[in-house]
Structure formats: structure tokens, C-alpha cells
Amino acid sequence: MAEPVPLSTAYRTHALNEIQANGAFLIDVEVTVCGFMEANRGKGKICFVDLRDGTGKCQIFLKEGNVDETILTEIQNLSRESTIQVRGVVAQKRPPKVKEGEPIPPPEYEVVANHASVLAQAETPLPLGVTDSVHVELDTRLDNRFLDLRRKHVNAIFNLRSKILQYGREHLIKEGFKEMNSPKIIAAAAEGGTNLFPMKYFDRDAYLSQSPQLYKQLAVLGGLERVFEIGPAFRAEKHDTYRHLNEFVSFDIEMAWASDEDVMGVQERMIHHIWSQVAANEQHFVDDINAYRLTQDMEPIEVIPPTIPFPRVSYCDAIDLIQQSGQEIEWGDDIEAHHADIIAEKHNGFHFIPRWPMEMKPFYIYHDENEKSVSGGQLSRGFDLNYGRDEMTSGGQREHRTEILRSNLENMGLEPREFQFYIDGFRFGAPPHAGWGLGVARLTMVLTGSRNVRETVLFPRDRRRCTP
RNA sequence: GCCCGUGUGGUGUAGCGGUUAUCAUGAGGCGUUGUCGAUGCCUCGACCCGGGUUCGAUUCCCGGCACGGGCGCCA
């Protein structure tokens, strides 16, 4: 267990989960707590408040005689989600009445108030109910994300997202990676392909970066050896699907003296570490999500560390598989969503799709001239990681030979001169290297069973939404 | 950008060419209670916008806007 950290602040002596966790030792101790008032019961001489803070919940018991009468009335008439501060004494709760045959729940603790004050009163009605059982549409939720986030299962999703980043970082650092940051304002639409958001950089035209790709390679060329970056990427594509956003957080690595297979290994070990640690330490968040799913007639989610190594379904094998199912596809065609469904029937978890045709991969992907398909097409060292039908990662070994880089650009109809700053990095000695970029929100979707990437991004930016 | 669909109280829904517009949740009031999905009684609150058809449109038609689903686009 981690060392205890002080949770007391200027406003409270204890967090609410401390009252529940250490209640037996806190009985008769005077504490001051704060929180959102989830519900209040009682209009006469007593009042119960369900109080919630970012750590947990606790019942507050107010009774005429213990607290000032005006305070009692004020709390009794207070609107839900108002914030209050309570001073009182910890006591064991009287056990709730249970139906015959049902187990008696473990003891819980409450604070018997001797003083309370309202910190901020909530307006009514709430734009969405924090504890209500009624369904709320995603659009309403996103318009009121600050309230949506107070719902337990939503809060759990973002706690788990934070854990993905924490355990992912933890693992990469263990493997010798260093965290870096690349610029998000770039001068040129350097790579073609996806559309960039234009912006003004003082008097010049500039763009928002679509990927840290070139910069993390330059860091490796500079001798940082192994780097990772967790940062935003921007794409001005007018897509409108459950898995695309125009701003997203990309988890990127780049690694020297390495092949595509080497960095696939890093990735599967990292994902395995994340899943294992979540299963070991964060099950309560998963339980929160499942408690909600139960009310929505959804299957519960389970966090089971995936077996490594992940299956490798090479591009050629994938094409065969799709053809065998009767679909029209040829070597050199992109694997589209309905094709991915066929692969997912056989591999419903994580699986790599390595060795794509070189012509389908960007100019900086490495190829070995001896690696050709049966039909003679040039293969590359580019790969994807999919979960079921959904793409999580795009990666590969990078081309480190300056002359090949130049000819790749020419073969793809790009102008080598426009990439001079990039090619320059390779002119004075370059290690073979490889890397990948992983969509954090997409991985969080998998972990939390979310079916829309907007569920796993606090304030998503899509084609229509730019606020809040 | 394409195809399909949906817009009804704060939230989520039912329904209809003429209704007192359904239900849940919520909000307000009063009462009771060591309550805990509190509870009993009372009250409040809605047909996306514009045009058309019609005696009459929330309902049918057209347009707009918003949203949802699927796809495309997508290092």
C-alpha cells in the first residue's frame, strides 16, 4: 500500500472515504467534512444528508437539539448538489432494515452534526439528475459535463483513464523510456494525407500538429534512445463516427536500434501491465461501471489481463481471411470497417496486423526489399493494433536510410525538398528505429466497455462540438 | 459528403387530424419518520422553428435547424 497522504485541508479534517474506512477508530472523534449534498431526508425534527466528495460518501445526521434550528431548516430545504461543510462526531450507523433472508451489510459510519453551513447552493432544477435512474442522452450529458461527471460510473471511467496513463507511463519508464514533449504549433503541412487546422502564428501561417511523429524520431536521432509522449493531436477531418474526434490524446513511443516486432513487444507488455494493475488495484471503479450497466440491461465488463504475445494476423493473412468469407477484396485494398468485422470474428481481443503493403504506408515506414507478398507486392514494416474491429494503434519500423527516404517521397508523389528539415536529421548517422501511436480514448473505451469515444474524453471536440 | 431515423415538461419517454397530452424522474408546499431508492397528501412544468394542406396541425406535407445510427473521409 502507498503511504497515507494528508487529505485534510483548510475546509475539512477528513475525506469521506476516511470516515468509512477508519470509522471504527474515529468513533466519538469530532471531524469536519465537506461535500455535495446528494439527497436529504426528513422534514421534522431530524434530517439525514447523503454527502459525497471525490473520495466517497457518508451520511450526515442532523437532529433538533444537536444543531441550531435555523441550520436544521436550511439543510432540510437545501437543493440537491449544493455543497456544505459539516462539523460533527463520528458514530456507527444504525443498520438498515433488510428483507428477511438478505445479508446484513457491514457496519457503516456517519457524522452526527453539531454544526453545518452551506458553501454554495445549487440552482434547481438540475439539467440532469446525478442520482436519477432516468436515462440521459449523450448530448445533454456533454453540455453539462461537470454534472455528468458527478455520476458515479462516469467518474469511474475518468478515474480509469487516469490509471491507464499512470500504469502506461510506469511501464515505459521501467523499460527505459523518457517522457518528452513536442511542439503542437508547426510551420508546414509537412506530410500530406490528413487535413490540418490552419492558425496564425503572429504574422505567419501555421498549423496545429496532427502527430508528434517527426519530432519523436528527431529525438531518437539525437540520441535520447527511447522516448514517449502523451499529448494532443489535431485532425481537421469531417468524420462523424463513434471512434473519431478532431482533437485526441495520442500515446506515442519511439525507440532506437529496434524493429517493428520490438515495439509491438513493448506495446503488448504495456497493455498487459495496465490491465493487470487495473485488475489488481482498481476493481472498485469497474464495479461502479457495472452497477450502472446493470440498471441499463448491459452486460457487465470484466478486466482480464490479455494473454501475450497478442496474435499477429499479417496483412496478407487478413486479406485471405476476408476473401475466404466471401467478401470482395484484393491485395492492396484497405481493410475497411466491414472487413475488420470478419477478422474480429476470429480475433475478438487485441491483435496486431503487421506487414502492410508499402504503397499503403507513409514514406517514413521501413521496408526490406526481400519481403514481398505472394503476388510480388512490396511489404512494409508498418503495423496496426486492433481490438475487435477497432484500430487502437498505428506504428512501424522507420526508414533510417536517407536515400530511401528521398525515393519513398518521390514514389508517393511528394516533394523531398519540403521535407528537408526532416531528412536532415538522418544525414549525419541514424539508428534503425521504430515506434507507434496509441489512441488513449480508444484504449479507455476498451477497458471501460464504452461504445462511443466521447464517453472517454472529458470535453470532446468533434465536427459539431467546440464547447464546453 | 452520402444513406436512414428522431425532435413532446428540467431530464428521459407514451400517444393522437379535434385529448383535461401518458408515465417515470424532478421541482415547490405541508405533514410523519433513525431515514437510507425515505414516505403520505397537494401543486408545478412540454408538443424544435418557418411555411403549406385542413373548419381545425403537436399529429400530414415541404424547408430549415438540432440530434442519433450507419458509412465514407482518416499517418
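Keep in mind it's a predicted model, so treat the numbers as computed, not measured. A, B, ... follow the sequence lines: proteins, then strands. Residue 1 opens every chain.
Side-chain proximity of A/Arg464 to the nucleotides B/G70, B/G68, B/C74 is greatest for B/G68. When each of B/G34, B/G10, B/U25 is scored by its nearest atom to the side-chain atoms of A/Val134, the top-ranked nucleotide is B/U25. Nearest to the side-chain atoms of A/Asp50 among the listed nucleotides B/G34, B/G72, B/A38 stands B/A38. Here the nucleotide nearest the side chain of A/Pro127, chosen from B/G10, B/G70, B/G28, is B/G10.
Distance, A/Phe61 CZ to B/U33 P: 12 Å, rounded to whole Å. Regarding A/Arg141, its CZ atom lies at a distance of 14 Å from the C1' atom of B/G68, rounded to whole Å.
Across all strands, A/Arg463 comes closer than 4.0 Å to base atoms (heavy-atom distances). When heavy atoms are screened at a 4.0 angstrom cut-off, A/Ser394 is found touching the sugar-phosphate backbone but no base atom. Nucleic acid contact class of A/Asp252 (heavy atoms, under 4.0 Å, all strands): none. Among the heavy atoms of the strands lying under 4.0 Å from A/Arg389 are primed sugar atoms or P, OP1, OP2 only; no base atom is included. Counting any heavy atom pair closer than 4.0 Å across all strands shown, A/His239 reaches a base atom. Nucleic acid contact for A/Glu108: none, since no nucleic acid atom lies under 4.0 Å from a heavy atom of the residue.
Ring-centre distance between A/Phe350 and A/Tyr387: below the 6.0 Å cut-off.
Pair assignment for B/G68: B/C4, on the basis of Watson-Crick or G-U wobble contacts that are both within less than 3.5 Å. Judged by Watson-Crick or G-U wobble contacts below 3.5 Å, the nucleotide B/U22 has no partner.
In this structure, A/His239 and A/His244 have parallel ring planes: the angle between them is below the 30° cut-off, well short of the 60° mark.
Side-chain atoms of A/Lys93 and base atoms of B/C36 include a donor and an acceptor less than 3.5 Å apart. For A/Glu110 against B/G34, a side-chain-to-base donor-acceptor contact under 3.5 Å is present. For A/Glu137 and B/U11, a side-chain-to-base donor-acceptor distance below 3.5 Å is absent, hydrogens and geometry of angles not being considered. Residue side chain A/His244 reaches the base of B/C74 through a donor-acceptor N/O pair under 3.5 Å, judged by distance alone.
The phosphate of B/G68 has neither OP1 nor OP2 within less than 4.0 Å of any side-chain N or O from A/Asn452.
Summarising the local packing, CD of A/Glu369 is surrounded by more than 12 heavy atoms from other residues, nucleotides or ligands at distances under 6.0 Å.
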